2 protein chains.
Amino acid sequence: MPVTIYDIAEGADVSIATVSRAFNGHPRVSETTRERVFAVARALGYEPHASAQSLARQNTQLISAVVPIMTSAFFMEVLRGIQDRLDESHYDLVVYASRTLDSIGGQLSRAVQRGRADGMLLISTPITDARVRQILAARQPVVLVDAYHDDIDSVTVDNRRGGAVATRHLLARGHERIGLLLPVEGSGPSDQRRAGYEDALREAGIEVDEDLILHAMWDHVHHGYTRYAGYQGMRELMGRFEGRDDGPTAVFAAADVLAYGALRAGREAGYRAPRDIDVIGFDDIEPSAYAGLSTVRQPMYEMGKMATELLMRRLGNPASPAQHTVFAPDLVVRESSGGSAEKLV
Amino acid sequence: MPVTIYDIAEGADVSIATVSRAFNGHPRVSETTRERVFAVARALGYEPHASAQSLARQNTQLISAVVPIMTSAFFMEVLRGIQDRLDESHYDLVVYASRTLDSIGGQLSRAVQRGRADGMLLISTPITDARVRQILAARQPVVLVDAYHDDIDSVTVDNRRGGAVATRHLLARGHERIGLLLPVEGSGPSDQRRAGYEDALREAGIEVDEDLILHAMWDHVHHGYTRYAGYQGMRELMGRFEGRDDGPTAVFAAADVLAYGALRAGREAGYRAPRDIDVIGFDDIEPSAYAGLSTVRQPMYEMGKMATELLMRRLGNPASPAQHTVFAPDLVVRESSGGSAEKLV
DNA sequence: GTGAAAGCGCTAACAG
DNA sequence: CTGTTAGCGCTTTCAC
């Protein structure tokens, strides 16, 4: 039978209140009783019951993270950051990983259940009005990562600037016909990346050509954030310029996974990057280093850490106005756009 | 103020017991009152309080997973399997990711706290006697993944056979001097992989040469499971045969990350795989496909799923004898040992 | 400094 | 079919 404060109260000949105080470091417990309590507790192998504490204290010491699992490589890095910050706290992490972007609503509902967690981290979760209501109704502190809403704390990378950085790199390499591969329409971050792409082109005095821009129409459940979507997207893009001489000489894929698929489609068509076509992605997930993919890096670890930091603060101060942290993206040049391959592996 | 069963009992003009019964699908509640209860609950936006339920029911509907975060790529795949199985249940997942293999004890302690979770998944966690005691004392169902102990359910891959498979592949490619790169000594899985390596050599009538075998002495906190350890290990190995002509013509790295480092060290020394040296790893984590690394694949997704399945069963039947599931490893030939590179990306 | 007692919100006998 | 009541294990006033 598990041992409770009653057992140790009896053993130490004090009341359960004193045991509780002793364990919670309450100042007004005499040194001698405190020691006696601890001695008995140790002898009996006592451990406070988490659920009972949660109920009495009205908090769980749990924070939850909701994440679409197809962003796994991205999430792992963010998770490292979360974990590092959490290690300094007394919070544990419960993970709600949804298989598709649409089932994420269900995971969210579980995560916001009363008494489940004290706060919530939403990673790469598209924020619809319905979800905002759900979140607000839960009266739980929330921090968004890689997503944005005016009224909710968020940590993002400057996607627009990132899009521009990627595009400028390609422009600097002499390209003027630059394809843009996007996930399905309506994703906040990728809309921004597109805006950056257009910014850079206009800067360079180049007109935006819709023929060069393509939204994935595949893998809708993953909102087009898959290798397959990139593969099909690239084929489609190449198909548009079949037999013409004004096809793209470079491609900016708005996510690394899209770039992987694009590289493959290009390869199948006989194009090698960067010999025949330059390719750059966005994210810099782990495999990209091995694939030699040029990309725009999001500081995922830092984003996770910062998001957790913000959440910890908000836990202590729920009323303060929403805070938005924006990280700067970094250009990472690898062989897919002419960089040296020597840094690989 | 959050709404409780008392509020909805009052609103529906029944007792709290009836509300509780209605929500728990108890058969003996009349259809009419049930509907009335639900109506009021919906109107008031009632949601049961998780902690209160946990305390009263003496279970949390939470299962925990303890994992060393440096096995992240491995873990992500396992996590997918866990999540898929969990989606069919009413359990949520709390993740204890430790930064080093040594701090895993602390995470374990948090995970086993009374009232925290109903069961536990230990991923790639070395099982010492002290930990076994800790686990047993917690009286929590536990399933090990990628780790083994007689008295605890486990899901593993046949590491010995995997080691033999990798080695035989190299032997079949004509190699007779095969280097073996291992993490620090004493890791269960890698000891088995080494045993398989020796099995294969003996089968082929080749004597085991200790000079060809090397334990990482770097990155002790990660028990040598890092790229850096592989890098240094490979340099050390090459150093041993400096100026001799009996150096290894192939290397079996007991983990993919070690292989990455080894490839790099080889490259720096002017060796390219597979032109000058064959390299094969173990695990088949995601980047390996991009790196073109031949490897022995562990079915990580299936292992996660199976482990969760076993845990669910044990939750219902705590007393049954420990069950050990062993998966067969798969050889995956890629360009680092002569396979076609066309499948990359 | 310590104890008594009233919750925290829900479940589960036990009655009826 | 439904209500009463006693917990689940711990925290926290409020007294002394």
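Protein chains get the first letters and strands the later ones, always in sequence-line order, with residue 1 at the start of each. Keep in mind that what you see is a predicted model, and the values were worked out from it rather than measured.
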Checklist entry - So A:Glu309 and A:Arg313, salt bridge (charged side-chain N to carboxylate O under 4.0 Å, His left out) or not? Walk me through it. => result CA-CA 6 Å; A:Glu309 178 61 34; A:Arg313 282 191 213 154; 3.3 Å; yes
Item to check | Contact pattern, 5' to 3', of nucleotides 9-16 of chain C - B, S or - by protein heavy atom under 4.0 Å | outcome: BBBBBB--
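The CG atom of A:Asp7 sits 11 Å away from the P atom of D:dC8 (whole-angstrom rounding). Residue B:His26 contributes atom NE2, which lies 11 Å from atom P of D:dT2 at whole-angstrom precision. When rounded to the nearest whole Å, the span between CD of B:Glu35 and P of D:dT2 equals 12 Å.
A donor-acceptor contact shorter than 3.5 Å links the side chain of A:Arg114 to the backbone of B:Glu47. Distance alone, capped at 3.5 Å, places no donor-acceptor pair between the B:Ser20 side chain and the B:Ile16 backbone. Under a 3.5 Å cut-off, the side chain of A:Asp118 and the backbone N or O of A:Ile63 do not form any donor-acceptor pair. Under the 3.5 Å distance criterion, the side-chain polar atoms of A:Asp92 are left unmatched by any main-chain donor or acceptor of A:Leu62.
Smallest separation of non-hydrogen atoms from B:Gln134 and B:Ser109: OE1-OG, 2.8 Å.
A:Thr33 has no side-chain polar atom (N or O) that falls below the 4.0 Å cut-off from OP1 or OP2 of C:dG1. The side chain of B:Thr18 places an N or O atom within less than 4.0 Å of a non-bridging phosphate oxygen (OP1 or OP2) of D:dG3. Put simply, A:Ser54 has no side-chain N or O that comes within less than 4.0 Å of OP1 or OP2 on D:dC10.
Residue A:Gln113 places its CD atom among more than 12 non-hydrogen atoms of other residues, nucleotides or ligands, all under 6.0 Å distant.
Using cut-offs of 30° and 60° on the angle between ring planes, the pair A:Tyr148 and A:His324 is tilted.
Heavy-atom distances under 4.0 Å link DNA chain C to no residue of residues 8-15 of chain B.
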